[in-house]
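Here the structure comes first, spelled out in structure tokens, and everything after it is commentary.
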Amino acid sequence: MIDLLNNYSANSEFYDEVVVDRENESHTYKDFLNLLSGIQLEEFKSLNENAKVTFLNQGITYALYNKTESVEQIFPFDLIPRIINHSDWIKLQHGVIQRNLALNLFIKDVYNEGKILKDKVIPEKLIKSSKHYCKYIEGFVPKKEVYCHICGTDIIQHSDGNFYVLEDNLRSPSGVSYVLTNRMAMSKVLPAAFDRTTIEPVSEYTDRLLEMLWNVSGRSLGDIFCVLLTPGSYNSAYFEHTYLAQKMGIELVEGRDLYVENDLVYLKTIGGKIRVDVILRRIDDDFLDPEVFRSDSMLGVKGLMKAYVNGNVTIANAPGTGISDDKAVCAYVPDMIRYYLGEDPILSNVPTYICERPDELQYVLENIEKLVVKPVDMSGGYGVCICDRMSKREIEVLKEELKKNPRNYIAQPKMNLSTHMTYIEDEDSVQPRHIDLRTFTILGGNEPFVLKGGLTRTALVKGSIIVNSSQGGGSKDTWVLKNKI
Amino acid sequence: MLARVADSLYWIGRYVERTEHCARYLNVQYYSTLEAPMSQNKDFNLRSIMFMAGSEFTFETDLVEKDVWQKVIFDGNNPDSIIGIAKSARENARSIRNNISAELWESINRYYLFCNSIRESKFNYGKIFSFTEDININMALIKSNIHNTLLHDDPWSFICLGIYVERSLQVLRIFKSKISDSIILSDNGANQSLLQYQWITLLKCLEAFDIHKNYYKGFLSLKSISELILSNAAFPRSLKYSTLKLLNTLSRISVKPEGYSAMYERIESKITERLNFDKFSEEESVLTFITEMYADISVFHSEINNLYFR
């Protein structure tokens with residue numbers, strides 16, 4: 001591999017984490033690259049194959065939907081890890097905790113007193129018109145005042161070397177199982193790498209998650225019954241649901257396994273009934289309860305929301321947290337941090353133009369070629385328009401759509417996602433590919449917890465900045481260096 | 001245990017057992033054509049394979065081998081094809097993978113991946129042997145994982161229940177298929193050695209040829225065959241063995257909901273009554289018995305389903 005590594009170079013327009021590290025002689029990657037240099041390409045390829053077979057046999061796959069059927073795929077995994085040095089990580093960690101604490105306070109405020117709206121820090125109309133606003137929980141405060149128990153924060157490193165928050169995922173962020181299985185695969189395939197570099201472990205995540213579920217149950221330990229609610233085995237993240245349930249030792253259930261009687265939630269078993277205290281849900285609000293949300297939902301549980309607002313069951317994340325997934329709301333997070341915590345934001349937002357504001361819409365229309373336009377309520381990279389790659393005609397269509405439905409869109413300058421050395425199978429070479437980072441924060445445990453590292457997603461197509469697995473992205477193991485004492 | 005989980009466990013047992021019988025039948029029946037005492041009609045054998053796999057077929061034209069493999073092995077939309085069964089077994093295992101051992105899940109998943117790796121376009125009769133052998137090895141591994149990597153408590157019992165329900169049905173089904181063959185052949189005036197050959201094929205389909213030879217010292221008749229397959233409690237692929245195991249497994253399940261005792265008694269008395277059958281040498285009686293018993297076992301299935309899985 002030594003030649004491949006020595007010849008590695010990246011487009012200087014972007015921040016390449018390996019190149020910058022090499023130039024600055026900060027030695028974050030030194031030990032790992034030395035190890036890799038000693039491995040022949042053929043050997044590396046067979047290690048790569050081994051890792052793939054491990055994933056396939058264990059059924060660590062996700063479903064990809066095309067027009068006619070869903071196809072199961074393994075999540076492409078790159079053997080070259082992304083390494084974050086200790087001091088960068090400390091900043092990131094404080095930044096995401098600060099951000100998520102503010103978001104949690106914001107959600108509580110919005111569904112109760114609405115102070116931030118009355119003080120006109122955030123326009124009321126913007127919140128109340130969100131597709132994810134949940135009228136049903138107005139005036140209800142969940143146990144320990146926690147709404148977003150699990151927060152996925154998407155972060156990028158721009159060409160200026162700074163980290164920016166791209167978006168928040170507070171409904172049921174997925175991907176954490178890949179962090180844990182990537183680490184497992186990495187340690188099986190390249191154990192020597194771990195001898196040379198001391199990194200933070202990730203395995204405590206599921207313990208912290210369970211601790212949090214117990215903590216927000218409002219019942220005494222030993223009596224608590226937690227379940228993970230999945231839409232079922234056809235869901236794209238089904239592997240993750242089984243994985244988390246198994247690691248925590250809690251029951252994995254589908255909507256049809258639960259029923260509500262006298263506002264209490266029970267499990268349908270082969271014998272007697274078991275009461276459920278905490279539901280870690282991985283289905284969207286829309287499908288939770290056909291009595292309150294979509295009446296055609298086959299995935300949910302009738303009467304669940306009534307049991308919830310009567311305080312008889314804890315749902316994590318709380319219904320209604322989706323308001324802050326709205327990309328237009330995301331733009332206000334720095335204001336929320338100042339408003340609720342009286343602090344300056346540690347992490348910056350990617351600058352966001354809210355098309356609903358007439359002056360900002362005007363700017364977007366005039367500068368559209370420089371911008372990326374996103375629908376406010378889509379995830380998975382769907383509907384993202386990278387305008388400098390669109391034809392004139394497509395731009396005109398988009399402009400008309402923006403004028404017609406400004407509330408549905410935001411625009412951001414095209415951020416230069418950093419690049420990272422990535423092994424490209426088809427070409428037997430290492431090349432720079434764009435990456436981002438999703439961190440996972442747990443609120444509601446004994447203290448806020450951030451999984452050290454997170455999920456580094458890579459775009460596998462040259463030049464692409466869409467890293468989502470649903471659009472052909474892959475992932476890397478993410479290492480946080482331990483503080484050298 | 002969740003009702004849905006119990007249901008899936010039961011079906012894993014059924015699909016694994018079904019795969020084993022279908023693969024063996026496919027293998028034995030196909031190769032029986034090649035060394036028959038006189039040239040047997042290949043079409044006849046292919047029809048027999050289709051019958052066993054539950055696939056619909058029309059009598060008008062001669063069957064083409066390729067179409068048979070398509071229907072019986074590859075057709076993912078046919079729930080009774082080898083691939084269809086592998087898919088169902090795997091879907092059931094996947095939906096409850098937390099409730100079974102990683103070893104069991106991975107062996108089922110690997111079997112499914114193996115099936116998917118077989119290309120229909122490259123498949124021909126030369127591959128039947130190695131294909132069915134590979135299936136058998138996979139099934140042996142899966143069964144070993146069922147019995148050796150799970151706690152022998154309720155989840156395991158539900159898998160076993162599925163295995164014995166399916167085995168009872170398959171034994172009857174295979175027997176019925178061969179009796180029907182023999183009746184067709186007699187009507188067509190086939191000679192004795194050809195009929196005899198059908199019985200040998202039947203025994204091989206149940207891996208009972210050597211057992212039968214040793215037990216009956218080479219003497220072969222409808223009586224000896226029926227006796228072995230229907231009422232020899234020591235033969236693991238006999239009806240008696242399978243139904244008694246079914247009963248025993250049912251009694252081992254620790255969760256006994258309301259209605260359990262009544263159901264158990266009904267099943268027990270029906271099995272006891274049926275196992276009194278002894279007209280082993282009368283072709284028509286055997287055929288009637290098989291047909292009725294098959295219906296009884298379908299009723300047992302519904303009873304178990306209603307009590308535990310609803």
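Throughout, a chain's letter reflects where its sequence line sits, starting with A, and its residues are numbered from 1. Nothing here was measured: the structure is a model prediction, and the numbers come from that model.
With chain A as partner, the option from B:P257, B:A3, B:A6 having the largest number of non-hydrogen pairs under 4.5 angstrom is B:A3. Note on A:L252, A:T230, A:V253, A:T269: by heavy-atom pairs under 4.5 Å with chain B, the leading option is A:T269. Chain A forms the most heavy-atom pairs under 4.5 Å with one residue out of B:R110, B:K256, B:R310, B:M1, and that residue is B:M1.
Between A:K268 and B:R4 the shortest side-chain heavy-atom distance does not fall below 4.5 Å. Side-chain contact between B:E91 and A:Y234: present, with at least one pair of heavy atoms (C-beta onward) separated by less than 4.5 Å. Using a 4.5 Å cut-off on side-chain heavy atoms (C-beta onward), B:R94 and A:F239 make no contact.
Listed here is the closest heavy atom pair of B:N99 and A:E251: ND2-OE2, 3.7 Å. Closest approach of B:Y308 and A:I270 over heavy atoms only: O-CG2, 3.6 Å. Of all non-hydrogen atoms in B:I100 and A:Q246, the two that sit nearest each other are O-NE2, 4.4 Å.
Enclosure of atom CZ in B:F129 is not indicated, since only 12 or fewer non-hydrogen atoms of other residues, nucleotides or ligands lie within 6.0 angstrom. In the displayed structure, B:E273 atom CD is contacted under 6.0 Å by more than 12 heavy atoms of other residues, nucleotides or ligands. Applying the 6.0 Å contact sphere to NZ of B:K143 captures more than 12 heavy atoms from other residues, nucleotides or ligands. Around atom CG of A:N262, no more than 12 heavy atoms belonging to other residues, nucleotides or ligands sit under 6.0 Å away.
For A:E254, the parts sitting under 4.5 Å from any heavy atom of chain B are the backbone and the side chain alike. For B:L2, the parts lying near chain A are the backbone and the side chain together; criterion is any non-hydrogen pair under 4.5 Å. Looking at A:I274, neither its backbone nor its side chain comes within 4.5 Å of chain B, counting heavy atoms on both sides. Looking at B:F158, the atoms closer than 4.5 Å to chain A (heavy atoms on both sides) all sit in the side chain, from C-beta outward.
Not one N or O on the side chain of A:N57 forms a donor-acceptor pair closer than 3.5 Å with the backbone of B:S107.
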